[in-house]
J.: 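Before anything else, here's the structure in question.
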Amino acid sequence: MARTIETIHNQMIELKKKDAILDTLNSESATAIWRLWSYIVAVAIWTLEKLFDIHREEMEQLYSEHHAHTLEWYSTRAKGFMLGKAPDELQPMPFSWKYDTTGMTEKEIEDAKIITYASCTKAREANNRIVLELKVASGTGGTRKPLKPEKELEPFRNYMERNVQDAGVDLRCVSMEADRIKMKWTVYYDPQILDKNGNRLDGEEPNVVKNAIIAYLSHLPFNELYVPTYHVDYVQQIEGVKVPVINWVKSSRYTEKLNEATFTDVPEKGRIAAAGWFKFPTQDELWELGEDDYLQIEMIPFTYGQI
């Protein structure tokens, strides 16, 4: 790690004091020529050390991304997929493959990289066979969507099979609609800060409680374990929320007919979404389920000794 300019400069001055030949350089003025030159040299040394730091970080990043046969390596290669580029346009590079992007603008390159979320994990099938499950999705800014089956997912699978997948490895590429989730909360709130609907009394922000509960799902990393306790901890940070309690959480894999979905309780230890991420049902899906709301929140004013 690079030393600070001040540290380097002070060390130079201390070394100078130990050298009798340099005793004539004894001005204490901050603008003395010898001090200015020593400061310039200190800046140059600091710059070099910073460059060393940057180089090390880049090499560590490259190693983590390109080291073959790791789960992260498969995820990185997945994000490198470019829609519309034929496999024979790939150029062999050390540790990986790279597309030939000659003549393409940066925007064209970024637009071709349709996969923005990827996670590779080991999965055990019913016959106890271990496979690699690669979940992928597109989208930006916290929004996620599955790949189109024929136009996007099939070309991606072909890319992984022909250019990435190791011989003998059973790789399963998955891109599905988000698992649906619904829940019920009881939130004890400070009546001096929030009202019974979860709005701030000062008018700065409406629906702060509901917004925080929803926001947690979008902040949850792709294919991360959803743990109800962590969700409670997140909502607890909202000013005015005293005691948030999750009464129950249920989730289900996505089905085209949601009334055929099987919602089961999310265990305390958590659950990973089959698609890689969770999403609350849309209003149309709620009508199909015959329910009023995907998120039930009971707001109760908090008084000490009440709970």
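Numbers here are sequence positions counted from 1. All values below were derived from every heavy atom in this structure, side-chain atoms included, with hydrogens, water molecules and symmetry-related copies excluded.
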J.: Could you check if a side-chain atom of Ser138 sits within less than 4.5 angstrom of a side-chain atom of Lys145, using non-hydrogen atoms only?
T.: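 They are in side-chain contact.
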
J.: Measure across Pro155 and Glu150 and return the closest heavy-atom pair with its distance rounded to 0.1 Å.
T.: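 The pair with the smallest heavy-atom distance is CD-O, 3.4 Å.
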
J.: Under 4.5 Å between any side-chain heavy atoms of Ile8 and Glu49, yes or no?
T.: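 Yes, side chains in contact.
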
J.: Regarding Glu154 and Arg157, does a basic nitrogen lie under 4.0 Å from an acidic carboxylate oxygen?
T.: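 A salt bridge links Glu154 with Arg157.
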
J.: Between Glu268 and Val227, what is the shortest heavy-atom contact and its length?
T.: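 Where Glu268 meets Val227 most closely, the heavy atoms are O-CG1, 3.6 Å.
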
J.: Do Phe81 and Glu152 have side chains that approach each other closer than 4.5 Å (heavy atoms only, starting at C-beta)?
T.: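 With C-beta onward as the side chain, the pair stays apart.
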
J.: With a 4.5 Å cut-off on side-chain heavy atoms, are Asp195 and Leu201 touching?
T.: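 Leu201 vs Asp195: side chains touch.
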
J.: Using the rule that Ile, Leu, Val, Met, Phe, Trp and Tyr join whenever any side-chain heavy atoms are under 4.5 Å apart, tell me whether Tyr216 and Tyr117 fall into a single cluster.
T.: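 No, because Tyr216 and Tyr117 fall into different hydrophobic clusters, even though each may have its own neighbours under 4.5 Å.
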
J.: Would Val232 and Trp185 satisfy side chain to side chain contact (heavy atoms under 4.5 Å, CB included), going step by step from the backbone distance to the final call?
T.: CA-CA 10 Å; Val232 170; Trp185 290 65; 4.2 Å; yes

J.: Measure the shortest side-chain to side-chain distance between Val164 and Tyr74 over non-hydrogen atoms and say whether it is less than 4.5 angstrom.
T.: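 Yes. Closest side-chain heavy atoms under 4.5 Å.
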
J.: Any luck finding a side-chain donor-acceptor pair between Asn211 and Asn207 under 3.5 Å?
T.: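 Their side chains do not contain a donor-acceptor pair, so the 3.5 Å distance test is not met.
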
J.: Between Ser29 and Thr31, do the side chains contain a donor N or O and an acceptor N or O under 3.5 Å apart?
T.: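 The criterion, which ignores hydrogens and geometry beyond distance, is satisfied for Ser29 and Thr31.
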
J.: Kindly compute the distance separating CD1 (Ile297) from CD1 (Ile213), expressed to the nearest 0.5 Å.
T.: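 One gets 4.0 Å once the value is rounded to the nearest 0.5 Å.
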
J.: Can you name the side chain to side chain donor-acceptor pair (under 3.5 Å) partners of Asp265, sequence neighbours left out?
T.: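 Side chain to side chain donor-acceptor pair (under 3.5 Å) check on Asp265 returns Lys250.
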
J.: So, the side chain of Asn223 versus the backbone of Cys120: is there a donor-acceptor pair under 3.5 Å, distance only?
T.: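 No; zero donor-acceptor contacts below 3.5 Å.
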
J.: To check you understand the geometry: which heavy-atom pair defines the closest contact between Cys173 and Phe156, and what is its length?
T.: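 In this case the closest contact between Cys173 and Phe156 is SG-CE2, 3.8 Å.
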
J.: If the condition is side chain to side chain donor-acceptor pair (under 3.5 Å), which residues does Thr140 pass it with, not counting sequence neighbours?
T.: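 Thr140 satisfies side chain to side chain donor-acceptor pair (under 3.5 Å) with no residue once adjacent residues are dropped.
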
J.: In chain order, what residues pass the side chain to side chain contact (heavy atoms under 4.5 Å, CB included) check against Thr24, with sequence neighbours excluded?
T.: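 Counting only residues at least two positions away or on another chain, Thr24 forms no side chain to side chain contact (heavy atoms under 4.5 Å, CB included).
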
J.: May I ask you to test the Arg271-Val249 pair for a side-chain heavy-atom distance under 4.5 Å?
T.: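 They are not in contact (no side-chain heavy atoms under 4.5 Å apart), so the answer is no.
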
J.: Could you state whether Leu134 and Leu83 fall into the same hydrophobic cluster, counting links through intermediate Ile, Leu, Val, Met, Phe, Trp or Tyr residues with side-chain heavy atoms under 4.5 angstrom apart?
T.: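 Yes.
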
J.: Of all heavy-atom pairs between Met1 and Arg56, which one has the smallest distance, and what is that distance?
T.: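 In this case the closest contact between Met1 and Arg56 is N-NH2, 4.0 Å.
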
J.: For the atom pair CD1 (Ile13) and CG (Leu22), what is the distance rounded to the nearest 0.5 Å?
T.: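 If we round to the nearest 0.5 Å, Ile13:CD1 and Leu22:CG are 12.0 Å apart.
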
J.: Check Ala215 against Tyr234 and note the closest heavy-atom contact, atom names and distance.
T.: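 In terms of heavy atoms, the two residues are closest at CB-OH, 3.9 Å.
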
J.: So, using ring pair (Phe, Tyr, Trp, His ring centres under 6.0 Å) as the criterion, who are the partners of Phe278 when residues are at least two apart?
T.: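 Ring pair (Phe, Tyr, Trp, His ring centres under 6.0 Å) check on Phe278 returns Tyr226.
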
J.: Apply side chain to side chain contact (heavy atoms under 4.5 Å, CB included) to the pair Gln296 and Asn247, showing each step before the final yes or no.
T.: CA-CA 10 Å; Gln296 302 174 42; Asn247 303 110; over 6 Å; no

J.: Shortest non-hydrogen contact from His231 to Ile246?
T.: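 Minimum heavy-atom separation between His231 and Ile246: CB-CD1, 4.1 Å.
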
J.: Side-chain donor-acceptor pairs under 3.5 Å in residues 122-129, sequence neighbours left out?
T.:
unit_1, atom_1, unit_2, atom_2, d
Glu125, OE2, Arg172, NH1, 3.0
Asn127, OD1, Arg129, N, 3.0
Arg129, NE, Asp170, OD2, 3.0

J.: Take atom NZ in Lys184; do more than 12 heavy atoms of anything else shown fall under 6.0 Å from it?
T.: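 Open: at most 12 neighbouring heavy atoms sit under 6.0 Å from NZ of Lys184.
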
J.: Taking the side chain as everything from C-beta on, heavy atoms only, tell me whether Met183 gets closer than 4.5 Å to Phe280.
T.: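 The answer is yes; the side chains approach within 4.5 Å.
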
J.: With a 4.5 Å limit on heavy-atom distance, are the side chains of Arg200 and Glu239 in contact?
T.: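 Answer yes - side chains close enough.
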
J.: Run the salt-bridge test on Asp53 and Lys50 with the 4.0 Å N-O cut-off and return the result as yes or no.
T.: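 No salt bridge links Asp53 with Lys50.
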
J.: Can you tell me which residue pairs pass the side chain to side chain donor-acceptor pair (under 3.5 Å) test with a partner in residues 34-48, sequence neighbours excluded?
T.: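 For residues 34-48: His9-Ser38, Glu28-Arg35.
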
J.: Might you confirm whether atom CD1 of Ile130 has over 12 heavy atoms from other residues, nucleotides or ligands at distances under 6.0 Å?
T.: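 It does: Ile130 CD1 has more than 12 such atoms within range.
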
